[in-house]
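Residues: numbered from 1 along the sequence shown.
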Amino acid sequence: DAKLLSKLSNGSIGRALSLNLDKFRSQRETMLKVMESLIVSQNRATLLRTTEEMNDAKNKDFYLEYLDILQTLIHDVWTLCLNETAQNLVNSDLIIQLKALAKTAKKDKLSGWLTQIETLRENFSVNLNKKISTDALFMRMAG
């Protein structure tokens with residue numbers, strides 16, 4: 001837990017103390033399913049169910065956390081695709097799942113996904129509907 005907290009907090013003691021690891025792991029599991037749906041199963045229904053969950057009223061305050069987690073997962077898979085060592089991964093405790101995703105993932109798609117997520121974040125400054133925007137993001141990512 002301490003190793004994961006240190007990687008997630010980027011050296012900030014305050015952030016490390018404020019993180020709820022159980023909540024984080026639940027959110028990360030959801031985003032890992034997104035990654036599997038995008039890379040392995042190409043399951044658009046799972047992607048749309050996930051956008052429902054992310055945009056549910058009880059999760060609205062955690063929306064950006066979901067995007068942060070998705071970005072770290074994409075970056076970790078991309079790192080493995082580039083044959084980097086696992087010690088550089090944020091989610092190194094998921095090394096088996098991440099390596100499995102990296103075997104199938106395409107590097108150019110991963111970098112494109114990171115760009116699309118950053119564009120989505122920028123577009124929120126003009127008050128876009130998060131649900132519709134997330135649906136569109138996941139469908140573009142799915143191809």
Side-chain angles (χ1 to χ4, degrees), residues 1-12 15-16 18-143:
D1 285 354
K3 187 176 180 180
L4 180 59
L5 277 173
S6 72
K7 287 187 177 190
L8 292 173
S9 66
N10 292 323
S12 168
R15 180 162 161 83
S18 69
L19 280 171
N20 178 339
L21 274 183
D22 291 332
K23 177 78 173 162
F24 169 78
R25 284 188 172 113
S26 173
Q27 291 171 315
R28 185 175 66 173
E29 187 62 34
T30 300
M31 293 297 99
L32 191 58
K33 288 178 186 171
V34 167
M35 293 292 290
E36 290 168 351
S37 294
L38 289 168
I39 296 171
V40 179
S41 66
Q42 313 246 318
N43 188 335
R44 293 174 190 258
T46 297
L47 295 173
L48 292 174
R49 279 193 297 276
T50 302
T51 65
E52 291 287 336
E53 179 180 339
M54 290 172 65
N55 289 285
D56 189 87
K58 68 180 181 194
N59 291 325
K60 73 176 185 160
D61 294 335
F62 305 109
Y63 178 85
L64 293 177
E65 290 176 21
Y66 280 106
L67 285 183
D68 290 341
I69 293 167
L70 181 59
Q71 283 182 291
T72 62
L73 290 169
I74 293 169
H75 189 269
D76 285 351
V77 171
W78 193 19
T79 299
L80 291 171
C81 284
L82 297 172
N83 297 317
E84 297 288 327
T85 63
Q87 83 183 52
N88 296 330
L89 304 179
V90 173
N91 300 286
S92 57
D93 57 318
L94 298 177
I95 188 68
I96 295 170
Q97 295 96 317
L98 295 173
K99 280 185 176 181
L101 291 171
K103 285 181 184 177
T104 311
K106 293 180 174 57
K107 290 181 273 192
D108 59 326
K109 279 192 173 188
L110 295 170
S111 64
W113 293 347
L114 291 171
T115 301
Q116 289 174 11
I117 292 170
E118 283 305 315
T119 301
L120 175 71
R121 286 177 187 275
E122 291 170 9
N123 289 336
F124 284 145
S125 65
V126 292
N127 202 21
L128 289 178
N129 180 301
K130 286 182 179 175
K131 168 70 172 86
I132 294 169
S133 299
T134 311
D135 285 349
L137 171 71
F138 284 1
M139 292 303 103
R140 276 193 314 274
M141 290 168 76

- Step by step, would you call Leu80 with Ile95 a side-chain contact (heavy atoms from CB on, under 4.5 Å)? CA-CA 9 Å; Leu80 291 171; Ile95 188 68; 4.1 Å; yes
- Message: If the condition is salt bridge (Lys or Arg N to Asp or Glu O under 4.0 Å), which residues does Glu53 pass it with, not counting sequence neighbours?
- Response: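 Glu53: no salt bridge (Lys or Arg N to Asp or Glu O under 4.0 Å) contacts found.
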Contacts of type side-chain hydrogen bond (donor to acceptor under 3.5 Å, both in side chains), residue [X], not counting sequence neighbours:
X	value
Asn43	Thr46
Arg121	Asp68, Gln71
Glu29	none
Lys131	Thr51, Glu52, Asp135

- Task: With side-chain contact (heavy atoms from CB on, under 4.5 Å) as the test, would you mind laying out the steps for Phe24 and Ile69 before giving the verdict?
- Result: CA-CA 8 Å; Phe24 169 78; Ile69 293 167; 3.6 Å; yes
- Evaluate the criterion side-chain contact (heavy atoms from CB on, under 4.5 Å) for residue pair Leu120 and Lys130; output intermediate values, then yes/no. CA-CA 9 Å; Leu120 175 71; Lys130 286 182 179 175; over 6 Å; no
Review item, side-chain donor-acceptor pairs of residues 96-117, under 3.5 Å, at least two apart:
residue: Ser111; atom: OG; partner: Asp108; partner atom: O; Å: 2.9
residue: Trp113; atom: NE1; partner: Met141; partner atom: O; Å: 3.2
residue: Thr115; atom: OG1; partner: Ser111; partner atom: O; Å: 3.2

- ring pair (Phe, Tyr, Trp, His ring centres under 6.0 Å) contacts in which one or both residues fall within residues 46-96, not counting sequence neighbours: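 Qualifying pairs: Tyr63-Phe124.
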Once rounded to the nearest 0.5 Å, what's the spacing between atom [atom1] of [X] and atom [atom2] of [Y]?
X	Y	atom1	atom2	value
Met54	Leu64	CE	CG	8.5 Å
Gln27	Leu70	CD	CG	12.0 Å
Ser37	Met31	OG	CE	10.0 Å
Asn55	Thr134	CG	OG1	4.5 Å
Thr30	Asn59	OG1	CG	8.5 Å
Asn91	Thr72	CG	OG1	4.5 Å

- Query: Do Asn129 side-chain atoms and Ile132 backbone N/O form a donor-acceptor pair below 3.5 Å?
  - Reply: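 Checked: pair present.
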- Query: Quick check: does any side chain N or O of Ser26 sit under 3.5 Å from a backbone N or O of Asp22, one acting as donor and the other as acceptor?
  - Reply: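 No, because the side chain of Ser26 does not come within donor-acceptor range (under 3.5 Å) of the backbone of Asp22.
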- What heavy-atom pair brings Leu73 and Arg28 nearest, and what distance separates the two atoms?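 Closest pair (atom of Leu73, atom of Arg28, distance): CD1-O, 4.0 Å.
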- Minimal non-hydrogen separation, Gln42 against Ile39, with atom names: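 Heavy-atom minimum between the residues: NE2-O, 4.2 Å.
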- Tell me, which pairs form a salt bridge (Lys or Arg N to Asp or Glu O under 4.0 Å) where one or both residues lie in residues 33-42, sequence neighbours left out?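 For residues 33-42: none.
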